[in-house]
Each structure stands twice: as C-alpha cells, then as structure tokens.
Amino acid sequence: MAREIASNILAHREFTSTFIAKVVIEQDRIYAENWNRSNQHGTIDPDDFTPQPKNPLIARFFSAISYADRLGSGVRNLYKYSMMYSGRTPELIEGDVFKTIVPLAAAGSGAVSSFIGSTEPINEPINEPINKNARQVLELLKADGAITKEELAEQAGLSRATVTRALKTLQGLGIIERIGSNKAGHWKVREN
C-alpha cells in the first residue's frame, strides 16, 4: 500500500506548486496529500472513474519500471489491499489537493494478525467484500464457467474493461480460477 501511495503522489503531483506533499502514518490510518491538477472534484469510485494522468511522462516512466501496472491501477490496488488488510475501503478525494486516506487495522486485529506467521496465501478467505460488478460477474460464472468475456459483458451490461477488472479482482481474492487456455479454457468458481 505504501508503494501505491508514494507512486500516486509522484505520478499525479502538480510540480509547479510549492505545496508540500506529505504522508502521515497514524495509529488507525495512513493519510497523504499533495497538490493536484484536478480533472474532477470529489471522492473517486474505482468502479466508475476514468484515469487521467496529471503528468503523462512520469506515468509512462512508472509503467516502464513496473511501479505502475497501468493507468488507474493505483486506485484499484489501494481499494483491493485496503480491504484485504483492514476490511475497510480507502478514501481518495480529488480536488486542488489530492487526499488519500487508507484505514489501518488495529494491532492484533484479525485482518492483519491472522496472516502473521501463516503460510497460507493472503487471498485465501473468500468472505472479502466485493463490488457489485464483481458480484454480478461471479453470479454469471456460477451459472456458466465457459462463458466468454464478451458474453459476460453483454449479459451483465458492463464494458469489457469492467468485466476484466472484475475477473482480476475475483482471481486475486481466490474466488475463481482459470482452468486451461484463454481461448479453450473455463472458469472454476471456488465453493464456499
């Protein structure tokens, strides 16, 4: 999460401002803010936002050195990892000052301590909350594991990119698994 916060600050910072970027680690949250050339104002929803690089050259640099998977992946990763470690969603607030607030789990809480010393993968529990798009895709996969991305998008009324994100989320949480090739394979839904 720290890497995502730091790369977000660098990739989206408005460097012509003298506003000092900061990252503050508190007992129950990590709070970051930096000056921003905003395209919108308000809270960012990972299911309904269009990523726009504030500094395209820096964004390409981070992609080239593998510090950013693709444009917008930082937002999605923060939501994913925050839910994984604290069970709560982060707040990403865009305005002239871009604010990132990531809740932390209390020391000794089940969200973190259950993984300490464990050899089990972090994505083992499937009771993690998932968004409505991923839930909709999951229901379609339960009905037909051989369904294609195009069919998922059509039946769910979602874009292909949204379906791809939902599938990655479900795979990351260990809820689904791809068996076989992309062309001839199928999806296996893990039983509760």
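The side chain to side chain donor-acceptor pair (under 3.5 Å) check on Thr43 picks up nothing, with sequence neighbours excluded. In this structure, the side chain to side chain donor-acceptor pair (under 3.5 Å) partners of Thr148, at least two apart in sequence or on a different chain, are Glu151. Listed by chain and residue number, Glu150 satisfy the side chain to side chain donor-acceptor pair (under 3.5 Å) test with Arg160 (two or more places apart in sequence, or in another chain). Residues passing the salt bridge (Lys or Arg N to Asp or Glu O under 4.0 Å) test with Lys22 are Glu33, sequence neighbours excluded. The side chain to side chain contact (heavy atoms under 4.5 Å, CB included) test applied to Thr169 returns Leu173, not counting sequence neighbours.
Membership of the apolar cluster around Trp35 extends to Phe19, Val97, as traced through chained side-chain contacts below 4.5 Å between ILVMFWY residues.
One distance of note links CD1 of Ile101 with OG1 of Thr89; it measures 10.5 Å at 0.5 Å rounding. Taken to the nearest 0.5 Å, the CD1 atom of Ile176 stands 10.5 Å off from the CD1 atom of Ile179. A distance of 6.0 Å separates NZ of Lys149 from CG of Leu167, quoted to the nearest 0.5 Å. If you take CD1 on Ile30 and OG1 on Thr100, they are separated by 10.5 Å, rounding to the nearest 0.5 Å. To the nearest 0.5 Å, atom CG of residue Asn131 and atom NZ of residue Lys80 are 13.0 Å apart. Remark: Ser82 OG to Leu104 CG distance equals 8.0 Å, nearest 0.5 Å.
Between Leu152 and Leu158, every side-chain heavy-atom pair lies at or beyond the 4.5 Å cut-off. You'll find the side chain of Trp187 reaches within 4.5 Å of the side chain of Gln171, heavy atoms only. Counting heavy atoms from C-beta on, the side chains of Arg165 and Thr162 come closer than 4.5 Å.
A side-chain donor-acceptor contact under 3.5 Å links Arg178 to the backbone of Ser181.
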**Request:** Applying side-chain contact (heavy atoms from CB on, under 4.5 Å), run through Arg190 and Ile175 and close with a yes or a no.
**Result:** CA-CA 5 Å; Arg190 198 177 86 190; Ile175 297 172; 5.6 Å; no

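Neither Phe98 nor Ile93 shares a network with the other; the hydrophobic side chains, linked directly or stepwise wherever heavy atoms of I, L, V, M, F, W or Y lie under 4.5 Å apart, form separate groups for each.
For the pair Ala32 and Ile5, the tightest heavy-atom approach, listed with the atom from each and the gap, is CB-CG2, 3.7 Å.
Summarising the local packing, CD of Glu154 is surrounded by 12 or fewer heavy atoms from other residues, nucleotides or ligands at distances under 6.0 Å.
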